Amino acid sequence: MVSARFLALGLAGLCLGPELGLCQAAPALGGKDDVARRLADLERLITGQQEQLLAQKAQMDLLRSLAPLGEPDGRKLQESESIESLQGAMNHAWLILCGALVMFMQGGFAMVESGCCRAKNVQNILLKNLTDVCVGTLGWWLCGWAFAYGGPFDDDGFKQNRFMGSEGAMGTDFLIRDDATGQLTPTTNIVNWFFQWAFCSATATIVSGGVAERVNFPGYCIFSFMMTAFIYPVCVGWTWGYGWLADVNSVGYMDFAGSGIVHMAGGVGALTGAVWAGPRKGRWENPEEFDAHSLPLIILGTFILWFGWYGFNCGSTLGMATSERGFMAAQVAMNTTIAAATGGLTVFILRFGITKKYDIGGFCNGILAGLVSITAGCGNVECGSAFTIALLGGLFYEAGSRLMKKLKIDDPVDAFAVHGVAGAWGVLAAALFDWGKDFDHYHGWSGFSCMTAEDGSCKTGLGGEGVAANLAEIVAIAAWVAVCSSLVFGPLRAVGWLRASDDVQDEGFDQAKHSPSKAYANTVPDTIIKTM
């Protein structure tokens, strides 16, 4: 029988025959000796080709080994540059998308605030929302960003004065020009400015709801500018901008997306403004005249805010270039969703138990209170903890709302109860419910990993420090915003620029100050609007 090796060589010969003459007519083969000679020639040819392939492979391996040393055409170097470029593009796309979602929350605020108030003041409410975005943009650009995130920084990465920055006003050095070539190199400050601007505008808008229906527009514009250009940026400078609260102890504060920095700051500003402006005329004498005029707007606004909150919380991962960031964003989204649902149901069931009536306005504010409560800890608590935090947040909101009414502080949209009370609770909860093992380990800003010692082991005994740091954040931000807001609202009230006259309040801002004079032209009779 013919061996397998001999058969393989024979088949190969049939394929390569034209080169060796094996495909000629059979008579030319000349017997067994001639066939053996030709097969030997074929075997030598195959062996030579194998050696040539091995040499080429060795040459390719040598080129690959040289590529990391900086050869301009090295494949590994090109792959590394491509990966880095792709990661940068993903981070920019993520922050722009999430920043746009947070900006869209302004529409939600506008719907909730206008729906909660009377129809005769709707245009004026919407005007203040537009003003917060536009005036706030200029305040953030002129100096707000510089105070919040600008340097100089020390060698450890903290602000040198631990209070506020001074670099980057009006976008200075966001683009770096090469003096020799004139070429511009962009920096990541550009995308970070955009993302953080959306947070800044949201803080000012929270205040507008608390002072609705009795504050003059020029006076409010002054406060809106001060809030976005100075008051809020300093809060950020202490925290996200690596100021003194980031270095207050060995762990620092933990406020992932801004329960305290954004929401509590806005809520305290709303409370301060409500106190200085005083209640709307007749608010406590004829409370039935101050019911929300449009529940559909309130519900629409609540859904918009819930939707935008995914940009608010998930976007605070500040990037999406690694699988770990992706896992964190998913955890944040899950916690945010659970908290919104839990907070809403808590308040809805509680009010039904008290009044035996379905209160969907309370349902909406409960959803928002749950979202505010989880915003600080959405990146360092488990989903079960998110449920508990939101449930308690809903209860704290309800208590805050009732306390405001008992004290006869007029807050038309419950801005302080939703953002101030639930915001303070959220900051405290972020430390209390940190997902570190027991209460001994602490994760905080480390995400899924514990805070580690120099030898790589988890530090112990940090839970108390986390709570202390977050209590310091609550007290410091609340005091700062209350004092600074009073320094703005007080003089405005003294010179008559803050509170509208009783005549304007009776007539309605839309009729007295706007053109057209009604938000709902040709749909609601004037006689009805004047009583709404």
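Hydrogens, waters and symmetry mates are skipped; everything else that's a heavy atom, side chains included, is used. Just so you know, these numbers come straight off a predicted model, no measurement behind them.
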Where [X] and [Y] come nearest, the two heavy atoms and their spacing:
{"X": "W145", "Y": "G168", "answer": "CD1-O, 3.6 Å"}
{"X": "N380", "Y": "A430", "answer": "ND2-O, 3.0 Å"}
{"X": "N286", "Y": "F290", "answer": "O-CD1, 3.3 Å"}
{"X": "A292", "Y": "G115", "answer": "CB-O, 3.3 Å"}
{"X": "V413", "Y": "C116", "answer": "CG1-CB, 3.7 Å"}
{"X": "V347", "Y": "G362", "answer": "CG1-O, 3.3 Å"}

Is [X] reaching over with its side chain to a backbone N or O of [Y], donor-acceptor style, under 3.5 angstrom?
{"X": "K513", "Y": "V504", "value": "no"}
{"X": "E213", "Y": "R118", "value": "yes"}
{"X": "N470", "Y": "V427", "value": "yes"}
{"X": "S201", "Y": "A198", "value": "no"}
{"X": "K408", "Y": "P279", "value": "no"}
{"X": "R402", "Y": "A399", "value": "no"}
{"X": "R493", "Y": "W276", "value": "yes"}
{"X": "N189", "Y": "N192", "value": "no"}
{"X": "T172", "Y": "A169", "value": "yes"}

Answer yes or no: is there a side-chain heavy-atom contact under 4.5 Å between [X] and [Y]?
{"X": "M103", "Y": "V133", "result": "yes"}
{"X": "I304", "Y": "M105", "result": "no"}
{"X": "I477", "Y": "V268", "result": "no"}
{"X": "R499", "Y": "N216", "result": "no"}
{"X": "V488", "Y": "L492", "result": "yes"}
{"X": "F217", "Y": "L127", "result": "yes"}
{"X": "Y149", "Y": "E167", "result": "no"}
{"X": "W445", "Y": "F256", "result": "yes"}

Separation of [Y] [atom2] from [X] [atom1] (nearest 0.5 Å):
{"X": "M227", "Y": "W140", "atom1": "CE", "atom2": "CH2", "result": "12.0 Å"}
{"X": "I389", "Y": "N335", "atom1": "CD1", "atom2": "CG", "result": "8.0 Å"}
{"X": "D255", "Y": "I261", "atom1": "CG", "atom2": "CD1", "result": "4.0 Å"}
{"X": "N249", "Y": "E465", "atom1": "CG", "atom2": "CD", "result": "4.5 Å"}
{"X": "R280", "Y": "E285", "atom1": "CZ", "atom2": "CD", "result": "12.0 Å"}
{"X": "L126", "Y": "T131", "atom1": "CG", "atom2": "OG1", "result": "10.5 Å"}

For the aromatic rings, using the six-membered ring if either is Trp, is the centroid distance between [X] and [Y] under 6.0 Å?
{"X": "F230", "Y": "W480", "result": "yes"}
{"X": "F312", "Y": "H263", "result": "yes"}
{"X": "F327", "Y": "F448", "result": "no"}
{"X": "Y220", "Y": "W497", "result": "no"}

Within 6.0 angstrom of F352 CZ, more than 12 heavy atoms from elsewhere: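 Enclosed.
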If you measure only the distance, is there a donor-acceptor pair under 3.5 Å linking the side chains of [X] and [Y]?
{"X": "S517", "Y": "D510", "value": "no"}
{"X": "Q106", "Y": "T205", "value": "yes"}
{"X": "Y310", "Y": "T337", "value": "yes"}
{"X": "H293", "Y": "Y520", "value": "yes"}
{"X": "S401", "Y": "D414", "value": "yes"}
{"X": "D132", "Y": "S224", "value": "yes"}
{"X": "T375", "Y": "W309", "value": "yes"}
{"X": "W425", "Y": "S259", "value": "no"}
{"X": "T137", "Y": "W197", "value": "yes"}

V234, T228, V236 screened by side-chain contact (heavy atoms from CB on, under 4.5 Å) with Y232, the one that passes: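 Testing each of V234, T228, V236 against Y232, the sole residue satisfying side-chain contact (heavy atoms from CB on, under 4.5 Å) is V236.
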Candidate pair M254 and D434, rule side chain to side chain contact (heavy atoms under 4.5 Å, CB included), full reasoning: CA-CA 9 Å; M254 175 58 192; D434 181 88; 5.6 Å; no
Mutual orientation of the aromatic rings belonging to F199 and W240 [parallel < 30°, tilted 30-60°, perpendicular > 60°]: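 Ring orientation of F199 relative to W240: perpendicular.
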Name of the residue among W244, Y242, W238 meeting ring-ring contact (aromatic ring centres under 6.0 Å, His included) with F163: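 Going through W244, Y242, W238 one by one, the ring-ring contact (aromatic ring centres under 6.0 Å, His included) with F163 is satisfied by W238 alone.
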Stepwise side chain to side chain contact (heavy atoms under 4.5 Å, CB included) check, N129 with S208: CA-CA 7 Å; N129 289 130; S208 69; 3.6 Å; yes
Steps toward side chain to side chain contact (heavy atoms under 4.5 Å, CB included) verdict (V112, C364): CA-CA 9 Å; V112 169; C364 289; over 6 Å; no
Check against side chain to side chain contact (heavy atoms under 4.5 Å, CB included), R214 and D410: CA-CA 10 Å; R214 78 272 203 193; D410 187 11; 3.9 Å; yes
Within 45° cone and under 6.0 Å: K128 NZ/CZ vs F509 ring: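 Flagged: K128 positioned over aromatic ring of F509.
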